[in-house]
Novice: 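The following block contains the structure, expressed as structure tokens.
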Amino acid sequence: MDNSRLILLRDLMKERGIDVYIVPTSDFHTSEYVGDYFKERQFLTGFTGSAGTAVVTADKAGLWADGRYYIQAEAQIEGSGFMLYKMGMDGVPDVEDFVKDELPEGGVIGFDGRVVNAAQAEKLEKIAADKEGSLYVTEDLIDFLWEDRPAMACSTLWILTDEYSGETAVSKMDRIREKMKEERAGVHVVASLYDIAWILNLRGNDIENVPVFMSFLKIDMEGAALYIQPAAMTEDIREYLEGCGVRAADYDDIYKDMEELPAGTKLMIDKQIVNYRMVAALDEGVEIIDRADPSELMKAIKNDTELKNTRIAHLRDGVAMTKFMYWLKNTVGRKELDEYTIGLKADELRRQQEHFLDLSFGNISAYGPNAAMMHYSASKENSAKVLPEGMLLLDSGGHYLEGTTDITRTFILGPITDQMKLHFTTVARCNLALANLKFLHGCSGISLDLACREPLWEMGIDYRCGTGHGVGHILNVHEGPNGFRYKIVPERRDSAPLEAGMITTDEPGVYIEGEYGIRTENELICVEDEKNEYGQFLRFENITYCPIDLDGIDASLLTEKEKSQLNNYHAMVREKLSPYLTEDERNWLEKYTREI
């Protein structure tokens with residue numbers, strides 16, 4: 001990567017009088033993952049991670065990345081002219097503080113108003129105002145530089161029928177209208193692609209591994225409008241929408257229709273998702289009710305049909321992953337392997353499962369030091385050879401017609417050091433501690449995360465990310481508002497109280513830069529336990545079915561309670577999976593789920 005794109009961007013900034021230009025990782029919907037058309041930050045900096053922000057001034061250029069990406073980002077931006085700012089580290093300014101410091105009096109902050117959400121833009125607006133400056137948001141400067149830019153994705157849609165969704169789109173919109181009444185809102189605009197897909201029981205393929213479609217949804221008390229690219233529509237989908245009381249409109253018409261909302265309209269939106277240009281288009285007389293989309297919590301609490309189906313999805317996924325583990329254990333050292341081909345094998349075994357739709361994300365197959373990079377991605381051209389020694393970390397998942405999965409296992413491939421075994425065992429202890437908690441309703445992931453991290457914290461070790469995230473139902477594999485982390489990170493929006501029906505991952509880890517990485521990840525359904533004079537107690541149901549590699553466990557480090565928890569988990573795995581395995585695989589599974 002060279003700095004030619006940075007030089008050209010600065011020329012455009014100078015022509016327009018822009019002092020600071022911001023390029024986030026976003027589309028017009030504040031999506032976590034974006035289609036190729038929207039990968040502007042990657043185009044500019046060379047950094048391929050899923051999160052990060054680039055900021056450019058006349059003499060400085062910074063890339064902000066979080067702890068998952070420190071190592072990767074440092075390597076990928078070399079030669080680009082950008083400096084890495086490690087988010088969350090002591091002494092590192094956040095983007096806003098940097099912009100505030102670098103913006104001169106009367107200066108101009110620039111960004112594409114469609115890829116920055118309204119809440120963030122208002123903060124930047126205040127920074128500019130405090131220095132008697134202004135914003136420049138009407139142009140996408142990267143578009144002028146990106147000559148071979150891919151077209152915006154436009155896939156055809158398909159309907160997730162009631163037997164898989166468990167609730168009709170009409171029912172979901174009626175529930176949303178009840179929330180609108182509570183807020184005295186007459187109009188509600190939804191910009192989140194995940195929420196729109198969930199509300200309408202529709203899925204697409206506009207973002208790789210995320211079955212959504214580019215759209216906006218406007219709901220009022222009489223009906224609704226779906227703003228979508230015309231090429232995405234078929235006659236069947238049009239008829240389906242009409243049956244749900246939803247009219248189809250052109251994707252770009254949302255800005256005109258926002259502009260035409262009459263003064264006095266009470267509009268409910270989520271400013272952390274709706275883009276700035278949409279809000280800037282509103283008449284000054286429109287009253288904005290800024291709150292989280294009601295559908296965010298609704299879709300996080302899975303209904304009985306979704307829960308029944310997701311257990312089926314995890315059973316299929318567990319079969320694939322256990323067959324993979326059997327294959328890996330019996331192949332390493334006998335055949336030449338590398339990270340990339342190992343990842344392909346896991347993908348292949350998933351695709352063989354009934355009702356498989358897609359991967360839920362590109363797998364992370366990482367051997368040795370590469371596993372210390374939490375979101376490492378092996379390629380065909382650049383992939384480490386895998387030897388019968390050390391450890392391989394595989395983070396992977398799939399979308400099935402019944403639901404979405406996310407699992408990480410670290411596999412022991414041969415001799416490992418005492419320190420590796422200590423860390424592997426401790427990560428397993430952390431995972432088990434969280435999975436076996438019983439707690440009162442009202443707790444959030446903030447309350448529970450300590451129980452997971454404590455064994456590592458006692459050793460003076462931590463991992464620079466959350467412990468777990470919510471999981472979408474044939475949607476984004478990362479979903480709020482539930483999650484596990486020890487401190488509130490406002491932009492993550494994952495600190496809501498845990499409710500029965502929520503699904504959250506449990507994925508502690510140890511990452512030793514330049515040496516190895518370990519992660520063990522299962523998915524947990526929050527379920528009701530006893531209710532008494534103290535309130536409603538909750539617990540977790542573990543729905544990930546795959547052995548935790550006993551070759552990495554030092555049983556002397558486990559308490560009797562922890563041994564029982566691990567044995568109970570492995571007994572469940574054995575019972576669930578055995579009917580779907582060959583005789584050789586079953587015999588092997590007996591060994592890898594044996595009591596310790």
Side-chain angles (χ1 to χ4, degrees), residues 71-72 75 320-349 362-396 407-431 455-456 459 461 463 507-521 546-558 566 570 573 584-585 587-594 596:
I71 304 170
Q72 177 184 341
M321 280 303 300
T322 301
K323 284 179 175 288
F324 169 82
M325 184 176 176
Y326 170 81
W327 169 85
L328 180 64
K329 288 282 192 176
N330 287 283
T331 305
V332 67
R334 295 182 175 91
K335 182 180 176 182
E336 189 172 290
L337 296 174
D338 61 38
E339 297 164 321
Y340 182 74
T341 55
I342 284 173
L344 289 181
K345 181 65 176 182
D347 295 348
E348 173 195 332
L349 288 167
N363 71 66
I364 298 168
S365 176
Y367 178 63
N370 290 336
M373 295 182 272
M374 294 182 207
H375 282 221
Y376 169 78
S377 179
S379 65
K380 188 175 182 179
E381 299 75 25
N382 185 23
S383 180
K385 298 295 182 187
V386 174
L387 305 174
E389 59 186 42
M391 300 180 291
L392 177 102
L393 184 154
L394 181 71
D395 189 351
S396 61
I407 173 176
T408 306
R409 286 294 182 269
T410 305
F411 303 105
I412 311 304
L413 303 183
I416 58 173
T417 66
D418 290 344
Q419 178 178 277
M420 289 175 177
K421 187 164 275 196
L422 169 63
H423 288 164
F424 187 98
T425 305
T426 307
V427 168
R429 292 178 59 214
C430 294
N431 178 281
L456 286 171
M459 299 165 60
I461 297 175
Y463 43 96
E507 47 181 310
V510 168
Y511 308 95
I512 307 299
E513 185 174 346
E515 296 186 40
Y516 56 85
I518 300 165
R519 180 160 67 251
T520 298
E521 175 186 19
C546 180
I548 295 170
D549 194 344
L550 291 177
D551 292 340
I553 295 292
D554 181 346
S556 70
L557 300 174
L558 302 179
L566 184 57
H570 275 153
V573 169
D584 286 347
E585 290 166 343
N587 292 335
W588 173 89
L589 183 62
E590 288 280 345
K591 174 186 175 184
Y592 276 92
T593 57
R594 68 189 182 276
I596 60 170

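Positions are given from 1, in the same order as the sequence printed here.
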Novice: Return yes if some donor-acceptor pair links the side-chain N/O of Thr520 with the main-chain N/O of Thr410 below 3.5 Å, else return no.
Specialist: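 No; judged by distance alone, with no hydrogens or angles, the pair does not exist.
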Novice: Rounded to the nearest 0.5 Å, what separation is found between the CD1 atom of Ile518 and the NZ atom of Lys421?
Specialist: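 Output value for this atom pair is 11.5 Å.
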Novice: Between Val573 and Tyr592, is the side-chain contact (heavy atoms from CB on, under 4.5 Å) condition met? List the steps.
Specialist: CA-CA 10 Å; Val573 169; Tyr592 276 92; over 6 Å; no
Novice: So how far is it from Asn382 CG to Asn370 CG, rounded to the nearest 0.5 Å?
Specialist: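 Nearest 0.5 Å value for the CG-CG distance: 8.0 Å.
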Novice: Looking at CE of Met374 and CG of Leu393, how far apart are the two atoms once the value is rounded to the nearest 0.5 Å?
Specialist: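 Result: 10.5 Å between the selected atoms.
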Novice: Let me confirm one number: the CD1-NE2 distance from Ile548 to His570, rounded to the nearest 0.5 Å.
Specialist: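 Reported value, rounded in 0.5 Å steps: 5.0 Å.
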Novice: Side chain of Ser383, backbone of Glu339: donor and acceptor closer than 3.5 Å?
Specialist: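 A pair under 3.5 Å: yes.
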Novice: If you apply the rule side-chain contact (heavy atoms from CB on, under 4.5 Å), what do you find for Ser396 with Met321, and how did you get there?
Specialist: CA-CA 9 Å; Ser396 61; Met321 280 303 300; 3.7 Å; yes
Novice: Heavy atoms, side chains only, cut-off 4.5 Å: are Leu328 and Leu413 in contact?
Specialist: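 Yes, at least one pair of side-chain atoms sits under 4.5 Å.
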Novice: Pair Lys329, Asp551 - check side-chain contact (heavy atoms from CB on, under 4.5 Å), show working.
Specialist: CA-CA 11 Å; Lys329 288 282 192 176; Asp551 292 340; 2.7 Å; yes
Novice: Atom OH in Tyr463, atom CD in Glu507: separation rounded to 0.5 Å?
Specialist: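 Separation between the atoms: 8.5 Å.
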Novice: Do Arg409 and Met325 come close enough that some side-chain heavy atom pair is under 4.5 Å?
Specialist: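 A side-chain contact is absent here, since even the closest heavy-atom pair is not under 4.5 Å.
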Novice: For a 4.5 angstrom cut-off between non-hydrogen side-chain atoms, does Ile364 reach Arg519?
Specialist: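 Contact flag for Ile364/Arg519 side chains = yes.
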Novice: Assess whether atom CG of Asp418 is packed by more than 12 heavy atoms of other residues, nucleotides or ligands within 6.0 Å.
Specialist: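 No, CG of Asp418 has 12 or fewer neighbouring heavy atoms, counting only those of other groups under 6.0 Å.
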Novice: Can you name the closest pair of heavy atoms from Ala372 and Glu513 and give their distance?
Specialist: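 Shortest heavy-atom contact: CB-CA, 3.9 Å.
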Novice: Where do Leu589 and Pro547 come nearest, in terms of heavy atoms and distance?
Specialist: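 Reported closest heavy-atom pair: CD1-CG, 3.6 Å.
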Novice: Are the side chains of Tyr376 and Ile71 in touch, meaning some heavy atoms are under 4.5 Å apart?
Specialist: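 Side chain of Tyr376 against side chain of Ile71, heavy atoms only: no contact under 4.5 Å found.
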Novice: Check whether any side-chain heavy atom of Asp584 sits under 4.5 Å from a side-chain heavy atom of Tyr326, and report yes or no.
Specialist: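 Result yes, sub-4.5 Å side-chain heavy-atom pair found.
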Novice: Is any side-chain heavy atom of Thr426 less than 4.5 Å from a side-chain heavy atom of Ile461?
Specialist: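 No, every pair of side-chain atoms sits at 4.5 Å or beyond.
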Novice: How are the rings of His423 and Tyr516 set to each other: parallel, tilted or perpendicular (split at 30° and 60°)?
Specialist: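 Tilted: the ring planes of His423 and Tyr516 meet at 30° to 60°.
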Novice: Kindly give the heavy-atom pair with the smallest separation between Phe424 and Asp549, and that separation in Å.
Specialist: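 Residues Phe424 and Asp549, closest heavy atoms: CE2-O, 3.3 Å.
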Novice: Which atom pair, heavy atoms only, marks the closest approach of Glu585 to Lys323?
Specialist: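 Minimum heavy-atom separation between Glu585 and Lys323: OE1-NZ, 2.8 Å.
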Novice: Considering all heavy atoms of both residues, which atom of Ile407 and which atom of Glu521 are nearest to each other, and what is their separation?
Specialist: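 Nearest pair, atom of Ile407 first, then Glu521: C-OE1, 3.5 Å.
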Novice: Evaluate the criterion side chain to side chain donor-acceptor pair (under 3.5 Å) for residue pair Asp338 and Thr341; output intermediate values, then yes/no.
Specialist: CA-CA 6 Å; Asp338 61 38; Thr341 55; 2.9 Å; yes
Novice: So which atom in Asn363 and which in Leu344 form the shortest heavy-atom distance, rounded to 0.1 Å?
Specialist: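 So the two residues come closest at ND2-N, 4.4 Å.
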Novice: So do the side chains of Leu349 and Lys345 get within less than 4.5 Å of each other, counting heavy atoms only?
Specialist: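 Counting from C-beta outward, Leu349 and Lys345 do come under 4.5 Å.
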Novice: Which value, rounded to the nearest 0.5 Å, describes the distance between His375 atom NE2 and Asp395 atom CG?
Specialist: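 If I round to the nearest 0.5 Å, the distance is 7.0 Å.
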Novice: For a 4.5 angstrom cut-off between non-hydrogen side-chain atoms, does Phe411 reach Val332?
Specialist: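 When only atoms from C-beta onward are counted, Val332 and Phe411 do not touch, as no gap falls below 4.5 Å.
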Novice: Under the side-chain hydrogen bond (donor to acceptor under 3.5 Å, both in side chains) test, which residues partner Tyr367, sequence neighbours left out?
Specialist: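 side-chain hydrogen bond (donor to acceptor under 3.5 Å, both in side chains) list for Tyr367, sorted by chain: empty.
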